[in-house]
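The structure displayed is predicted, hence computed values, not measured ones. All chains are named by letter (A, B, ...) in the order of the sequence lines, taking the proteins before the strands, and each is independently numbered beginning at 1.
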Amino acid sequence: MEQSLGQDSVPGFGSFDKSRVLDVRPLRRLVPVFPSASSSSSFSTPQGAAPFVCASPAGPFPPGVSPFFPFYISAESQRPSEQNQQTPGGVGNQNTPFVFNNPISNAVPINSFRTPPSSTARVTPNQYTGSSNGDTTQSRRITRSRAQPQSQSGIAEEDGFNTSVTDGENTRKGGRSKGKFQSHKRTRGGQDINVALPDVDVDAIVDNILTSYTDTFRHADGNKESVGYALMFYDLLRRRITQLEEMKEKIPGASRTGRPDLRAGTLFMNKGIRTNTKRRIGAVPGVEVGDIFFFRMELCLVGLHAPTMGGIDYMGVKNSTEDEPLALSIVSSGGYEDSVEDANVLIYSGQGGNASNDNRNNREMKDQKLERGNLALEKSLHRSNDVRVIRGLKDVSNPTGKVYVYDGLYKIHESWVDKGKSGCSVFKYKLVRLPGQPEVFTIWKSIEQWKVETTTTRVGLILPDLTSGAENLPVSLVNDVDGEKGPAHFTYISSLQYSKPVNLTESSAGCTCIGGCLPGNSNCSCIKKNGGFLPYTANGLLVNQTPLLHECGLSCQCPSNCRNRVSQGGLKIRLEVFKTKDKGWGLRSWDPIRAGSFLCEYAGQVLNISGVEELGGDYEDDYIFDATRTCEPLGVLPGDSTETPKVPFPLIISANTAGNVARFMNHSCSPNVFWQPVLRENKNESDLHIAFYAVGHIPPMTELTYDYGLVPHEKAYQRKKVCLCGSVKCRDSFY
DNA sequence: CGCTGTCAGCGGTAT
DNA sequence: ACCGCTGACAGCGAT
């Protein structure tokens, strides 16, 4: 496997096919184009925070611009390193599941299941108890579901959910929510009439997910796949509901207290789009230590922590004599006076003691009692069972939100009663992290340090900012694997460069939203082009993948901070280029990333099509982005548009001599990032860009990868690369 | 900007 | 019926 890798000019790097550069002819060598001082203005960042820096590798350099770090490839560092398979989604996650000799192995909940509303009844675990523990079925199931095309509506038979798909028009109301899941009360306050469109739309989406992925969720035990899908679709739906909610906000008198997170969560819970419904002590299949979440509801959906608010999850477990409550998991989120400074020890406060049952803001306190969660923790101390710990931290990117980090298994070592600030007694529990688990909190704290220390003593740091200030944020360059000092030299540019304008087939006038484009503004031409929706949520998340995203651009009158210009705002996430174990250089993030976040665009030089057509078989460029390749759509709701990207013209980009962080993103067959063509409104020119977004939530220090795609018809000179992504879905090779 | 108050919400357990 | 380490936002005071 690996020897073939060594032949590449830049070994280990996921090189692009040099062939697929369209069905074309020669083109011996592209004349390198270096940004000139005059051209730089068009690339300046909107905020003007960081000046655009450009320089030819050899200079001369504009005043104030220091020479770019001289990258070079050292010959001896090229040897591919050992077969260290990187598991997606984990910093040094060994794939070895965390197994302990747990005396309480087969815990079964007292009330394992409440019967879901009629239609979901068949998802009850009882029906699957025969299938033993789902773990062994993993590989089989995965191959299956992959082959299963989306929105195949034929499977509905046993579900009773007819794939009534998006009936384009919203026949709101009526009793039609009948039989389905009228169980939850969706009568939010005085909401009425205007809610029609969203409601129906949402129901159809959920039905579609279920019918398309029904097999994925039909097991009491989860796995990586079912957890991944549940989370991905959950947030997709949540973003969609957010988008729909926003539109009706314009309507006077409408309540603004819609909670898309709860709404999406209830739908999923009721429909059975969830995993690990059997509650258990210890590790949860498919959830890895270090995984992150942004809503409490997500913890419920994957079976990590059931209460939607409560900090302690527990369940009755048969003892020799009786049922006793045992603690399953806790969320430490700052609500009480916990002590969290140590990465391996957590002092957790018991629950209760907040007087005044109705109004929680009543400041008076009471003594806590040894009941509910407190009692369970006490019992768990004596039974010495594993307790899952989820740490709730402040989310840097979203000050109002929190990020929940699964920190693995702990044991309770001691308990005592303390006096809280109010003078009332509070139960305290000392939890100690089990050894042998991947580091999580330690890494988060290190990253915090790296951000504040300018002169960090971090091992393997080569450059604090390889962009030399070209981006809003520095991008560090790190190698803690071998002696290589950096990737081959290239010029850092922060955006795409067209050598000559591409004419537009239809002219674009741009929008006239002086104050910025707002959802529900049916007059905005840009919103119209996006099917009537603003494609981003208020905090800048892409709602869903679309064949072609229309952003505002030069010909629009909206300001640079318009919500419909997300991909133009430069980096928002702290990234770092690092040396991977066996795939050359790669890209990863310091910040936790929310699903739908914009990461970066693919910067480089747009190749002239007519020139590319001259291309022969031996054109050497490992940094080609070819927008004409096909990819399985990702981050798309079944029933939504599942079309593959629709680019107005065959865009091919080379980041060989000049590019940005995107050129370091490796290929994976189970990517956590997808790309999306973005067309910016620009008078008579076609201002097409390629932007990257997160498929799901991505923990810090996880390698960012996207699917390089497939070539429709392989040519003789096209060379496949051996794929080392390590995914269970791996196609073994890529272009 | 950061803190605090507000309040509708939900799955779950207890009764 | 009751409980609770939500989450988004409005309103406030400090910087």
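Taking the ring axis of A/Phe533 as reference, the NZ or CZ atom of A/Arg240 stays within 45° of it and closer than 6.0 Å to the ring centre. In this structure, A/Arg388 is not positioned above the aromatic face of A/Tyr410 in the sense of NZ or CZ being under 6.0 Å from the six-membered ring centre and within 45° of the axis.
One interatomic measurement links the two molecules: CZ of A/Phe294 to P of C/dT6, which rounds to 15 Å at whole-angstrom precision. Following rounding to the nearest Å, A/Ile241 (CD1) and B/dC10 (P) show an atom-to-atom distance of 11 Å. Rounded to a whole Å, the NE2 atom of A/His305 is 18 Å from the P atom of B/dC10. Residue A/Leu328 contributes atom CG, which lies 13 Å from atom C1' of B/dT13 at whole-angstrom precision. In this entry the distance linking CD1 of A/Ile312 with C1' of B/dG12 reads 14 Å, nearest Å. One atom, CG of A/Asn374, and another, P of C/dC3, lie 14 Å apart when rounded to the nearest Å. Atoms CZ (A/Arg263) and C1' (B/dA8) sit 14 Å apart, rounded to a whole Å. Regarding A/Glu245, its CD atom lies at a distance of 11 Å from the P atom of C/dC9, rounded to whole Å.
Both A/Pro325 and A/Met297 lie near DNA chain B, and the one whose nearest nucleotide falls closer to the 5' end is A/Met297. Of the two residues contacting DNA chain B, namely A/Pro307 and A/Lys394, the nearest-nucleotide position lying further toward the 5' end is that of A/Lys394. Ranked by how close their nearest DNA chain C nucleotide is to the 5' end, A/Asp338 and A/Asn398 are led by A/Asp338. Nucleotides of DNA chain C nearest to A/Gly335 and A/Arg238 differ in position, and the one nearer the 5' end is that of A/Gly335.
A/Gly392 comes within 4.0 angstrom of nothing in the nucleic acid, heavy atoms only. Heavy atoms of A/Gly352 sit under 4.0 angstrom from primed sugar atoms or phosphate atoms, though from no base atom. Contacts of A/Tyr348 with the nucleic acid, taken as non-hydrogen atoms under 4.0 Å apart, include base atoms. When heavy atoms are screened at a 4.0 angstrom cut-off, A/Asp313 is found touching no nucleic acid atom at all.
Side chain A/Thr308 to base C/dG4: a donor-acceptor pair is found below 3.5 Å. A donor and an acceptor atom sit less than 3.5 Å apart, one in the side chain of A/Arg259 and one in the base of C/dT6.
OP1 or OP2 of C/dA8 sits under 4.0 Å from a side-chain N or O of A/Thr400. Considering only side-chain N and O atoms, A/Tyr404 lies under 4.0 angstrom from the phosphate OP1 or OP2 of C/dT6. Phosphate contact (OP1/OP2 of C/dT6, side-chain N/O of A/Lys402, threshold under 4.0 Å): present.
Considering only side-chain atoms of A/Gln351, the nucleotide from B/dG11, C/dG4, B/dT13 that sits closest is C/dG4. Counting only heavy atoms from C-beta on, A/Arg279 has its side chain closest to B/dG12 among B/dG12, B/dC10, C/dC5.
Taking the six-membered ring where the residue is Trp, A/Tyr213 and A/Phe233 present tilted rings, their angle falling between 30° and 60°.
With ring centers used as reference points, A/Tyr693 lies under 6.0 Å from A/Phe598.
Ring-to-base geometry does not place A/Tyr314 in a stacked arrangement with B/dT13 (centre distance under 5.5 Å, plane angle under 30° required).
Tested against A/Val287 for a side chain to side chain contact (heavy atoms under 4.5 Å, CB included), the candidates A/Leu299, A/Thr275, A/Leu231, A/Val227 yield a single pass: A/Val227.
For C/dG4, the paired base is B/dC10 (Watson-Crick or G-U wobble, both distances below 3.5 Å).
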Handout entry: CA sep, side-chain torsions, deciding dist, call: A/Asp395, A/Lys402, salt bridge (charged side-chain N to carboxylate O under 4.0 Å, His left out)
Key = CA-CA 5 Å; A/Asp395 180 14; A/Lys402 273 181 185 156; over 6 Å; no
